Amino acid sequence: FLKIFNQEDTQESVFTELSQLVQSSIDGKNVCIFAYGQTGSGKTYTLLGTPDAPGIVPRAFERLGQAVRNDSSMTISLSVVWPHPAPTIG
C-alpha cells in the first residue's frame with residue numbers, strides 16, 4: 001500500500017495526498033486509484049463524498065476539466081469498474 005487513510009482524514013487531505021496521481025494522468029501516465037476495505041468502512045464516501053465535502057472522483061474530474069479547458073488538444077479516457085448494483089450518484 002502506498003497510503004492507508006483513517007476516519008480522521010478529511011476529504012480534502014485524502015485528495016491532497018492523491019492529487020499527484022491526478023497530475024500524473026494529466027501528464028500522460030496511466031493511473032489507478034483503488035479503494036479497498038470492509039463493508040461500511042467509507043469507500044463510497046471517500047470516492048464520491050457529499051455536495052459539501054466532495055470526494056476523490058468529483059475533485060479529480062474538476063482538475064481534469066481544468067486541464068482540458070487549458071489545453072484543447074487534450075483528450076481523456078476513463079474506465080470505471082464498480083460492483084453491481086452501482087450506487088445512485090447525484
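Predicted, not measured: the structure shown is a model, and the values here were computed from it.
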Test side chain to side chain contact (heavy atoms under 4.5 Å, CB included) on Thr50 and Gln11; report intermediate values, then the result.
CA-CA 10 Å; Thr50 65; Gln11 295 286 45; over 6 Å; no
Are the side chain of Lys43 and the backbone of Gly37 linked by a donor-acceptor contact shorter than 3.5 Å?
yes
If you measure from [atom1] on [X] to [atom2] on [Y], what distance do you get to the nearest 0.5 Å?
X: Ile33; Y: Leu21; atom1: CD1; atom2: CG; result: 5.5 Å
X: Ile26; Y: Met74; atom1: CD1; atom2: CE; result: 6.0 Å
X: Ile56; Y: Glu17; atom1: CD1; atom2: CD; result: 10.5 Å

More than 12 heavy atoms from other groups under 6.0 Å of CD on Gln7:
no
Does atom CG of Asn70 have more than 12 heavy-atom neighbours from other groups under 6.0 Å away?
yes
For Asp27, enumerate each residue passing the side-chain hydrogen bond (donor to acceptor under 3.5 Å, both in side chains) test, keeping only those at least two apart in sequence or located in another chain.
Gln23
The single option from Val14, Thr46, Ile4 that satisfies side chain to side chain contact (heavy atoms under 4.5 Å, CB included) with Asp9 is Val14
Nearest atoms (heavy-atom pairs only) where Arg59 meets Ala53:
NH2-C, 4.5 Å
If you look at every heavy atom in Pro58 and Leu48, which pair is closest and at what distance?
CG-O, 3.6 Å
With the 4.5 Å side-chain cut-off for hydrophobic clustering, are Tyr45 and Val57 part of the same group?
no
Hits for side chain to side chain contact (heavy atoms under 4.5 Å, CB included) against Thr10, two or more places apart or cross-chain, chain-then-number order -> Glu12, Ser13
